[in-house]
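Have a look at the structure below, then the notes.
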Amino acid sequence: VQLQASGGGLVQAGGSLRLSCAASGSDFSRNTMGWYRQAPGKQRELVARISGGGISIYADAVKGRFTASRDSAKNMVYLQMNNLKPEDTAVYYCNLPYSLIDWGQGTLVTVSS
């Protein structure tokens, strides 16, 4: 069972990125999936989660700017990030909020001012 986040990169403030999370080894289509981030020197935090039915909840810091979505047929989860800010700089991960598994390497998002 493995989750792999990808799609990070360097972007200027105000820009956009779309992260992808590929799930393998199991069918996660009914599981709530979460997007997390860990900024340098800070604890990992949950920024968005999306239920098997597609209902999303967001942290206040990203509400209105980030949108989680999923393609259950492909066992994929996405995070569209718009109007990025320097404080969004972090390594982003996907995981299962109610049954965490190995975090993997995550994907680095760097937002320059």
| request: Examine Trp103 together with Tyr36 and report whether their ring centres are nearer than 6.0 Å. | output: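 Yes; Tyr36 has its ring centre under 6.0 Å from that of Trp103.
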| Separation between CZ of Phe66 and CG of Asn83, rounded to the nearest 0.5 Å |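 Rounded to the nearest 0.5 Å, the CZ-CG separation comes out at 9.0 Å.
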| task | With rounding to the nearest 0.5 Å, note down the distance linking SG in Cys94 to CD in Gln4. | result |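 Answer for the SG-CD pair, Cys94 versus Gln4, is 7.5 Å.
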Are [X] and [Y] joined in one hydrophobic group, where the rule is that I, L, V, M, F, W and Y side chains link up if heavy atoms are under 4.5 Å apart?
{"X": "Tyr58", "Y": "Val77", "answer": "yes"}
{"X": "Tyr78", "Y": "Val91", "answer": "no"}
{"X": "Val1", "Y": "Met33", "answer": "yes"}

| query | Looking only at atom types and distance, does a side-chain atom of Asn95 sit under 3.5 Å from a main-chain N or O of Pro97, one as donor and one as acceptor? | reply |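 Looks like no, no N/O pair under 3.5 Å.
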| query | Hey, are the side chains of Ile101 and Leu96 touching, using non-hydrogen atoms and a 4.5 Å cut-off? | reply |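 Yes, their side chains come closer than 4.5 Å.
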| query | Any side-chain heavy atom of Asn75 within less than 4.5 Å of one from Asp27? | reply |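 Yes, at least one pair of side-chain atoms sits under 4.5 Å.
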| task | Report the C-alpha distance between Lys85 and Asp88 in whole Å, list the side-chain angles of each, state the deciding distance to 0.1 Å, and finish with yes or no for salt bridge (charged side-chain N to carboxylate O under 4.0 Å, His left out). | result | CA-CA 5 Å; Lys85 303 176 181 181; Asp88 295 319; over 6 Å; no
| request: Using the side-chain contact (heavy atoms from CB on, under 4.5 Å) rule, take Met81 and Tyr92 through it: C-alpha gap first, then chi angles, then the decisive distance, then the call. | output: CA-CA 11 Å; Met81 307 186 296; Tyr92 284 72; 3.9 Å; yes
In residues 8-23, what donor-acceptor pairs under 3.5 Å come from side-chain atoms, sequence neighbours left out?
| unit_1 | atom_1 | unit_2 | atom_2 | d |
| --- | --- | --- | --- | --- |
| Ser16 | OG | Asn82 | OD1 | 2.9 |

Side-chain donor-acceptor distances from residues 40-54 under 3.5 Å, at least two apart:
| unit_1 | atom_1 | unit_2 | atom_2 | d |
| --- | --- | --- | --- | --- |
| Arg44 | NH2 | Gln38 | OE1 | 3.4 |
| Glu45 | OE2 | Arg37 | NE | 2.8 |
| Glu45 | OE2 | Arg37 | NH2 | 3.4 |
| Arg49 | NH1 | Tyr98 | OH | 3.1 |
| Ser51 | OG | Gly53 | N | 3.2 |
| Ser51 | OG | Gly54 | N | 3.3 |
| Ser51 | OG | Ile55 | N | 3.0 |

| task | For atom NZ of Lys74, decide whether the heavy atoms of other residues, nucleotides or ligands shown that lie under 6.0 angstrom number more than 12. | result |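 Incorrect, the count does not exceed 12.
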| said: Could you report the tightest heavy-atom contact between Ala61 and Arg65, atom names first, then the distance? | reply: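 Smallest interatomic distance, heavy atoms only, reads O-NH2, 2.8 Å.
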| query | Under the side-chain contact (heavy atoms from CB on, under 4.5 Å) criterion, do Leu3 and Phe28 qualify, and how do the steps go? | reply | CA-CA 10 Å; Leu3 298 170; Phe28 294 111; 3.9 Å; yes
